[in-house]
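Since the structure comes first, as structure tokens, the remarks are kept for the end.
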There are 2 protein chains.
Amino acid sequence: MPATHTQSRFSSKLSSQCQNCSLSALCLPIALADEDINRLDQIIERKRPLKKGEVLFHQGQPFNSVFAVRTGTLKTFNITSSGEEQITGFYCPSELVGLSGIDDNTYPISAKALETTTVCEIPFSHLENLSSQIPSLKHQVFKVMSRKIGDDQQMMVLLGKKNADEKVASFLLNLSNRFKKRGYSATSFRLSMSRGEVGNYLGLAVETVSRVITRFQKNELIQVDGKEISIIDLPEMQKLVGVAPDCGKIAQF
Amino acid sequence: MPATHTQSRFSSKLSSQCQNCSLSALCLPIALADEDINRLDQIIERKRPLKKGEVLFHQGQPFNSVFAVRTGTLKTFNITSSGEEQITGFYCPSELVGLSGIDDNTYPISAKALETTTVCEIPFSHLENLSSQIPSLKHQVFKVMSRKIGDDQQMMVLLGKKNADEKVASFLLNLSNRFKKRGYSATSFRLSMSRGEVGNYLGLAVETVSRVITRFQKNELIQVDGKEISIIDLPEMQKLVGVAPDCGKIAQF
DNA sequence: ATAAAACCTTGATCCAAGTCATAAGAACAA
DNA sequence: TTGTTCTTATGACTTGGATCAAGGTTTTAT
């Protein structure tokens, strides 16, 4: 974990926090009136931290809440009919998990902490009620869901069309962008997931992930020390992924 | 196109139609009061049919509306940095296209008709307003988006983990389920997309799709005549995909 | 501190699916 | 109708990444 990324003092009481939270501009980036922020605040429950490996919710459990990651990282996955885990996403601070549960009131995936992780629980029925009263909040929820749909479609492109190098490069650049958005270094960060989990997510064998990373390092695209990654040649990495330098979003994930 | 699936008389006036539409239970399956259905009706514009190959909206265009397919089929795709088309979805009657445009008010994909296709245009800002007044409508929109997220995640599993046989079988069973839901035959239908488009969508070469389909036919899993497909051995196909016969949804798409 | 378990790397081998090539239908336009 | 283009099928060949195997390193638990 980057040193800058301190375990935020997890205040025991449900005091108004969204206003102070450094993530508020990302998690539900709304220009809400103070009064409305307080109303939002009141429906949010800040939970005790999850330890590494702890499960936030299980596939099949009744859906009640979506969760915003405050610190740490989660993975979501489901168990296939043949019993293997299939990772469907990684979630960093400010990102919302559980949206796919709305459809039939059941989580279709499980969510597990990759490291010590704190989340805000947002009971969805309350969010829905509140969103009727605050149009900009409703719009925000639509936006977040819409973005998720768009992102997942980019992920489908990645899985269907890209080779191992492009997959790994896309993955690293995607993480880089997510760190950057939260004010951390875009070029130097720590992977909270194992190579195996990266491979599982990208549709690659562990060995392939390992080899690609080694090769990237040899070619001086990145610098690797265990889980610490530094991107050295960002332009070259972007070229690999097929990003025109000006159009940050397209074709990256 | 199945003979049962007549080109619905496309009434030129914006008269109330949702009530009569055979798809209403699927497209936004709500138990709305009559009065509310009328309000929904009034914001919906029924457009002239699109001919095969016509584009409904272009990647990059400003987002204004989502569209419900009434008859025919659409594909959505984006153009990658290397200039090739990447298909991200096929849309059958009752299905909603364009939800990924909400996020930044721009369609991140294009939508094109695979055959003569009619759609209902739903201006999103109106839908949003109306949804503030009709909570069950708002909930329905959340549900539709949530389902899309879940479905796309299943698609990611398919692309990342499945082999060619499993991909094609999943694709055919998925179509089968969608036809069935609308009251058509689950075992006998017509593909409105080419083998090339199927391959593009599934991350396979045309030749592979062709070979798999030929092999399925040889093994008497399906019966093929050009674009007409009959599923002969449904249980075997389901086994191939890894569906427990009782849990229709999981692991299928 | 030490053992056990999980994770990462690298090499050797293999195979599923991609690519290339060809040819025969289908769909379409003039 | 006839040519042109698109689509599908099938064979021969190639290859990227999976799998198998083994050894080293890091993390976790006691």
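Owing to the predicted nature of the structure, the values given are computational and were not obtained by experimental measurement. All chains are named by letter (A, B, ...) in the order of the sequence lines, taking the proteins before the strands, and each is independently numbered beginning at 1.
- E207(A) and R195(A) are not joined by a salt bridge, as no carboxylate oxygen comes within less than 4.0 angstrom of a charged side-chain nitrogen.
- One finds the CD atom of Q217(A) at 10.5 Å from the CG atom of L221(A) (value rounded to the nearest 0.5 Å).
- To the nearest 0.5 Å, the span separating CD on Q86(A) from OG1 on T76(A) amounts to 9.5 Å.
- When heavy atoms are screened at a 4.0 angstrom cut-off, G203(A) is found touching the sugar-phosphate backbone but no base atom.
- Mapped onto DNA chain D by nearest heavy atom, L204(A) and K52(A) fall at different nucleotides, with L204(A) at the one closer to the 5' end.
- Between D165(A) atom CG and dT15(D) atom C1' there is a gap of 14 Å when expressed in whole angstrom units.
- Using a cutoff of 4.0 Å between basic side-chain nitrogens and carboxylate oxygens, R215(B) and D165(B) are scored as salt-bridged.
- Taking atom CZ of R195(B) as the reference point, atom P of dA24(C) lies 19 Å away to the nearest angstrom.
- Ring geometry for Y107(B) against F63(B) counts as perpendicular: the plane angle is over 60°, on a 0 to 90° scale with 30° as the lower cut.
- Here the nucleotide nearest the side chain of A164(B), chosen from dT8(D), dA17(C), dG17(D), is dA17(C).
- Look at K227(B) and you'll find a side-chain N or O under 4.0 angstrom from OP1 or OP2 of dT8(D).
- Judged by distance alone, with hydrogens and angles left aside, R211(B) brings a side-chain donor or acceptor within reach of the base of dT19(C), the pair sitting under 3.5 Å.
- A salt bridge does not link R147(A) with E95(A): none of the charged nitrogens is closer than 4.0 Å to a carboxylate oxygen.
- Regarding contacts with the backbone of dC6(D), every side-chain N or O of S194(B) stays at 4.0 angstrom or more from both OP1 and OP2.
- Side-chain nitrogen and oxygen atoms of T208(A) include none within less than 4.0 Å of the OP1 or OP2 phosphate oxygen of dG17(D).
- If you measure from atom CD of E115(B) to atom C1' of dA27(C), you get 15 Å, rounded to the nearest angstrom.
- Checked against a 6.0 Å centroid threshold, the rings of F189(A) and Y184(A) do not count as neighbours.
- Rounded to an integer number of Å, the gap from CD of E197(B) to C1' of dC6(D) is 11 Å.
- Checked by distance alone, E207(A) brings no side-chain donor or acceptor within 3.5 Å of a matching partner on the base of dC8(C).
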Item to check | Steps toward salt bridge (Lys or Arg N to Asp or Glu O under 4.0 Å) verdict (K52(A), E115(A)) | outcome: CA-CA 4 Å; K52(A) 177 172 180 172; E115(A) 56 191 318; over 6 Å; no
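- Using a 4.0 Å heavy-atom cutoff across all strands shown, G53(B) reaches no nucleic acid atom at all.
- Heavy atoms of G196(B) sit under 4.0 angstrom from primed sugar atoms or phosphate atoms, though from no base atom.
- Helix bend of the helix from dT9(C)-dA22(D) to dA30(C)-dT1(D): the angle between its two end axes, each built from five pairs, comes to 40° after rounding to 10°.
- K51(A) has its NZ atom 13 Å from the C1' atom of dA29(D), to the nearest Å.
- In the set dG18(C), dG17(D), dT9(C), dG18(C) carries the atom at the smallest distance from any side-chain atom of A205(B).
- Separating the CD1 atom of I229(A) from the C1' atom of dC8(C) is a distance of 12 Å, rounded to the nearest angstrom.
- Rounded to whole angstrom, the span from the CG atom of L159(A) across to the P atom of dA17(C) amounts to 15 Å.
- T214(B) comes within 4.0 angstrom of sugar-phosphate atoms only, judged by non-hydrogen atoms across all strands, and of no base.
- Here the P atom of nucleotide dC8(C) and the CZ atom of R215(A) are 18 Å apart, to the nearest Å.
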